[in-house]
Amino acid sequence: MRVVIVGAGQAGAALAAKLRALGHRGEIVMLGDEPAPPYQRPPLSKAYLLGEMEEDRLWLRAPEFWAENEVELRLGQAVTAIDPTSKAVTVGGEVLEYDHLALTTGSTPRRLPASIGGSLEGVYTVRRLADVDAMRAEFQPGRKVIIVGGGYIGLEAAAVASKLGLDVTVLEMAPRILQRVAAPETSDYVRALHQAHGVKVLEATGLNRLIGDDRVEGALLTDGRQLPADFVIVGVGITPNTQLAEIAGLTIDNGIATDEQGRTSDPSIWSAGDCASFPWNDGRIRLESVGNAIDQAEAVAANILGAAAPYEAKPWFWSDQYDLKLQIAGLNTGYDHIVTRQGEGDVASFWYYRGADLLAVDAMNDSRAYMVGKRLIEMGKSPSPEVIVSTPDLKALLKA
């Protein structure tokens, strides 16, 4: 049985490795459109951009792992078509047949339209190794960078730029940074952290257009102000890569729609990672995280081999900014109130509730709150807000 994996990122690599770990002896072919072997993306906007991590430390597996496990890794080759009828993909002019196909195609960062300067030289996004390699030389002390978007990617880039001595301005069109993903308490904490490091955070501030002839020279804001810039980083979200699935006639619903086992609308095609949506409670979600990419891909590998087991997501995320380690457990969608547990110094955690139900935890330099919160959510336990605030040792809640 030949399994073809389209996409050589975190999910694709996890899927291939899990197939072998579960004893699959058939062919595995993994196709990646980047020249680099499967690598971790989170450090790109952190340690790698800072120059604290070499490229080979990004790699998810040593190069010999793939050969030793008989995974045929084809890099720098983009798949151009899928034919579900003949069960084949087209790559580099070659038609490659499959028994099972897994789409782990990831996502693409949204860019600013060319009509407002998005295609000017000196305007970057952060997603791929090549993106960061292209911008690294820009990070010189005293230079001015404008970061469009106050989400995690933009704020991580802002932290790196600040640490390297640049003049940093973050533009956020929404009333506050992190508005789409976090409570006001988390936004306030992170904003104060950046401002303490000299970053200018402009909220409720829209971008009219970027200024420059061939290369970006600044930004015109919607309130009429004009800011100079030596370069610009755009962090305004990502779009799941569904083009191949659409052409193949697969169902698309906030990404490539899968059932609870990770199977698409075609019984021989599966999907996992940033590009895939799946059933969650009474609806459907798509998670953009390393944890989901790994767990979902490993579940799909087991189901390709006949496990027939539903994927049970256990969402978790993290972000590193300066000396802040922000760890997030659960999904806060639908929360109606927040409980704050304040520790010593810069330690804090924010607990999201809907009614009496604990939904999620944002832990700021508080790994114990994260660990306990994650376990409580997974166990379906919801201690009262009063107990969360008053309990000296949170680990005791796991035994209650």
Side-chain angles (χ1 to χ4, degrees), residues 44-46 49-50 107-127 131-132 134-136 138-239 288 319-322 324 326:
L44 290 179
S45 58
K46 307 179 189 79
L49 186 53
L50 268 172
S107 54
T108 299
R110 297 189 183 101
R111 303 189 66 90
L112 297 178
S115 59
I116 64 167
S119 60
L120 290 172
E121 185 180 343
V123 179
Y124 302 94
T125 55
V126 183
R127 183 64 181 172
D131 296 332
V132 179
M135 75 171 74
R136 287 178 86 174
E138 303 270 17
F139 284 75
Q140 302 299 325
R143 302 190 80 217
K144 297 180 185 297
V145 57
I146 293 175
I147 295 173
V148 181
Y152 288 120
I153 288 292
L155 293 170
E156 288 166 2
V160 169
S162 176
K163 289 174 76 170
L164 292 176
L166 281 76
D167 182 317
V168 186
T169 301
V170 174
L171 298 182
E172 174 52 61
M173 183 172 61
R176 59 181 173 87
I177 58 171
L178 300 176
Q179 179 165 309
R180 189 177 65 88
V181 294
E185 288 84 347
T186 297
S187 297
D188 292 345
Y189 184 108
V190 174
R191 181 193 309 108
L193 175 68
H194 279 272
Q195 290 173 335
H197 284 83
V199 173
K200 294 178 283 292
V201 180
L202 305 182
E203 296 166 308
T205 303
L207 173 69
N208 182 291
R209 60 185 172 87
L210 298 179
I211 301 165
D213 294 327
D214 297 316
R215 181 180 174 87
V216 68
E217 297 174 2
L220 178 63
L221 309 185
T222 50
D223 61 12
R225 281 181 291 172
Q226 188 168 317
L227 304 180
D230 293 300
F231 67 107
V232 171
I233 298 174
V234 179
V236 292
I238 60 175
T239 302
E288 301 167 2
S319 178
D320 295 322
Q321 300 170 41
Y322 309 104
L324 167 65
L326 166 58

*asked:* Assess the residue pair E156 and S319 against the criterion (side chain to side chain contact (heavy atoms under 4.5 Å, CB included)); give the C-alpha distance rounded to whole Å, side-chain angles, the decisive distance to 0.1 Å, and a yes or no.
replied: CA-CA 7 Å; E156 288 166 2; S319 178; 2.7 Å; yes
*Qualifying residue for side-chain contact (heavy atoms from CB on, under 4.5 Å) with L171, from V234, T205, V201, I147*: T205
*Min side-chain heavy-atom separation L221-L202 under 4.5 Å*: yes
_Between S115 and R209, does the side chain to side chain donor-acceptor pair (under 3.5 Å) criterion hold? Intermediate values first, please._
CA-CA 8 Å; S115 59; R209 60 185 172 87; over 6 Å; no
*Could you check if a side-chain atom of Q140 sits within less than 4.5 angstrom of a side-chain atom of D230, using non-hydrogen atoms only?*
no
*May I ask you to test the I116-N208 pair for a side-chain heavy-atom distance under 4.5 Å?*
no
_How close do R127 and S107 get, counting heavy atoms only, and between which atoms?_
NH2-OG, 2.7 Å
_How close do L178 and T186 get, counting heavy atoms only, and between which atoms?_
CD1-CG2, 4.2 Å
*Have a look at I233 and tell me which of V170, V148, V145 forms a side-chain contact (heavy atoms from CB on, under 4.5 Å) with it.*
V145
*Give a yes-or-no answer on whether the side chains of S119 and R111 include a donor-acceptor pair shorter than 3.5 Å.*
no
*asked:* Under 4.0 Å between a side-chain nitrogen and a carboxylate oxygen: does that hold for E138 and R215?
replied: yes
*Specify the closest pair of heavy atoms between E203 and R176, including all atoms of both residues, with the distance to one decimal.*
OE2-CA, 3.1 Å
*Listed by chain and number, what are the ring-ring contact (aromatic ring centres under 6.0 Å, His included) partners of F231, not counting sequence neighbours?*
F139
*Run the numbers on T125 and D131 for side chain to side chain contact (heavy atoms under 4.5 Å, CB included), then give the verdict.*
CA-CA 6 Å; T125 55; D131 296 332; 4.0 Å; yes
*Can you check side chain to side chain contact (heavy atoms under 4.5 Å, CB included) on V199 and T169, steps first, answer last?*
CA-CA 6 Å; V199 173; T169 301; over 6 Å; no
_Parallel, tilted or perpendicular, as decided by the 30° and 60° cut-offs, for the rings of Y322 and H194_ = perpendicular
*asked:* Taking the side chain as everything from C-beta on, heavy atoms only, tell me whether Y189 gets closer than 4.5 Å to L326.
replied: no
